[in-house]
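As structure tokens, the structure follows; a few thoughts come after it.
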Amino acid sequence: MGIVVNLDVMMAKRKMSLTELAEEVDITLANLSILKNNKAKAVRFTTLEAICKALDCQPGDILEYVPDEGE
């Protein structure tokens with residue numbers, strides 16, 4: 001499975017909507033949605049830093065490594 005983005009979990013814990021986070025981080029709603037739905041192939045450190053600042057969390061709260069079943 002690889003890297004899993006748990007952005008929705010942190011947003012729920014902080015009671016923040018996708019629209020609110022997109023505005024605070026200054027990222028388009030579409031790009032944030034791609035990240036939230038595990039469709040992103042990459043994320044800039046500046047974007048990750050802004051998300052962590054907005055949600056008051058660490059990168060490890062958002063990103064998780066899940067090994068493939070064959071590993």
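Since this is a predicted model, take the numbers as computed values, not measurements.
A donor-acceptor pair is defined here as one N or O able to donate and one able to accept, closer than 3.5 Å; no such pair exists between the side chain of N38 and the backbone of V4. Panel note: side chain N37, backbone S33; a donor-acceptor pair is recorded below 3.5 Å. No donor-acceptor distance shorter than 3.5 angstrom exists from the side chain of N31 to the backbone of T28, with no hydrogens or angles considered.
Residues I34 and F45 do not share a hydrophobic cluster, defined by chaining ILVMFWY side chains whose heavy atoms lie under 4.5 Å apart. Linking Ile, Leu, Val, Met, Phe, Trp and Tyr residues whenever their side-chain heavy atoms come within less than 4.5 Å places M11 and L48 in a single cluster.
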Chi angles and distances behind the side chain to side chain contact (heavy atoms under 4.5 Å, CB included) call for L21, L7: CA-CA 10 Å; L21 184 59; L7 186 57; 4.0 Å; yes
Can N6 and D61 be said to form a side chain to side chain contact (heavy atoms under 4.5 Å, CB included), step by step? CA-CA 7 Å; N6 294 314; D61 296 327; over 6 Å; no
Show, in sequence, the C-alpha distance, side-chain angles and deciding distance for M16 and E24, and conclude whether the side chain to side chain contact (heavy atoms under 4.5 Å, CB included) test is met. CA-CA 10 Å; M16 186 176 284; E24 191 162 333; 3.8 Å; yes
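K36 has its side chain within reach of L18: a pair of non-hydrogen atoms, C-beta onward, lies under 4.5 Å apart. With contacts defined as side-chain heavy-atom distances shorter than 4.5 Å, the pair L32/I51 qualifies.
The structure places CD of E23 at 9.0 Å from CG of L29, a figure rounded to the nearest 0.5 Å.
The shortest heavy-atom contact between L55 and R14 is O-NE, 2.5 Å. Minimum interatomic distance between K15 and E20 (heavy atoms only, all atoms of both residues): O-OE1, 4.0 Å. Scanning all heavy atoms of the two residues, the minimum distance from P59 to C52 falls at N-SG, 3.5 Å.
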